[in-house]
Amino acid sequence: MTGGSLGIGLAADVACAAEGSNISICRRTQDSLDAATATLNSYCTVVHRKICDIANAQQVKAYIASADQAL
């Protein structure tokens with residue numbers, strides 16, 4: 001999920017994780033990924049994360065391929 005490491009996006013991820021879902025998030029900075037992962041890990045789900053600028057098509061393709069492998 002893009003935007004899944006802050007605000008409403010993170011709240012949606014937490015709700016899904018609380019129900020046992022695996023989560024994949026991307027963000028442009030490591031710090032925001034680390035903070036979101038710490039929150040999501042408390043629900044013992046698989047949390048895939050990757051730095052990705054969604055304005056960069058190559059990074060988006062790499063993110064999707066990575067998420068596919070991880071999840």
Side-chain angles (χ1 to χ4, degrees):
M1 166 183 281
T2 62
S5 62
L6 296 170
I8 293 171
L10 180 57
D13 282 346
V14 166
C16 291
E19 294 295 322
S21 296
N22 296 329
I23 303 294
S24 179
I25 57 174
C26 65
R27 202 63 190 161
R28 288 185 290 166
T29 65
Q30 189 67 48
D31 290 344
S32 59
L33 284 177
D34 291 344
T37 300
T39 299
L40 294 167
N41 278 339
S42 66
Y43 295 94
C44 300
T45 60
V46 174
V47 180
H48 168 264
R49 65 191 188 151
K50 185 166 180 66
I51 292 176
C52 177
D53 180 350
I54 63 168
N56 181 311
Q58 289 301 100
Q59 287 185 24
V60 172
K61 288 178 185 178
Y63 166 70
I64 292 169
S66 178
D68 180 50
Q69 290 286 28
L71 300 177

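Along the sequence shown, residues carry numbers from 1.
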J.: Under the ring pair (Phe, Tyr, Trp, His ring centres under 6.0 Å) definition, can you give me all pairs with a residue in residues 26-45, not counting sequence neighbours?
T.: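 For residues 26-45: none.
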J.: Kindly compute the distance separating CZ (R28) from SG (C52), expressed to the nearest 0.5 Å.
T.: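 The CZ atom of R28 sits 10.5 Å away from the SG atom of C52.
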J.: Is the shortest heavy-atom distance from the side chain of I25 to the side chain of T37 under 4.5 Å?
T.: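 Touching, per the 4.5 Å side-chain cut-off.
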J.: Measure the CZ-CD1 distance between R27 and I54 for me, rounded to the nearest 0.5 Å.
T.: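 With rounding to 0.5 Å, CZ (R27) is 9.5 Å from CD1 (I54).
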J.: By the ring pair (Phe, Tyr, Trp, His ring centres under 6.0 Å) test, which pairs, at least two apart or in different chains, include something from residues 12-35?
T.: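 Residue pairs passing ring pair (Phe, Tyr, Trp, His ring centres under 6.0 Å), neighbours aside: none found.
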J.: Name all residues meeting the salt bridge (charged side-chain N to carboxylate O under 4.0 Å, His left out) criterion together with D34; count only those two or more places apart in sequence or in a different chain, and write none if there are none.
T.: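 Result, salt bridge (charged side-chain N to carboxylate O under 4.0 Å, His left out) vs D34: R49.
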J.: For residues 12-41, which residue pairs pass the ring pair (Phe, Tyr, Trp, His ring centres under 6.0 Å) check, not counting sequence neighbours?
T.: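 Counting only pairs at least two positions apart or across chains, no ring pair (Phe, Tyr, Trp, His ring centres under 6.0 Å) contact touches residues 12-41.
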J.: Check side-chain hydrogen bond (donor to acceptor under 3.5 Å, both in side chains) between S66 and all other residues, then give those that pass, not counting sequence neighbours.
T.: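 side-chain hydrogen bond (donor to acceptor under 3.5 Å, both in side chains) check on S66 returns H48.
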J.: Considering residues at least two apart in sequence or located in another chain, which fulfil the side-chain contact (heavy atoms from CB on, under 4.5 Å) criterion with I51?
T.: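 Once residues adjacent in sequence are excluded, the partners of I51 under the side-chain contact (heavy atoms from CB on, under 4.5 Å) criterion are Q30, L33.
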J.: Taking the side chain as C-beta and beyond, is there a heavy-atom pair between V14 and I23 under 4.5 Å?
T.: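 No, side chains not in contact.
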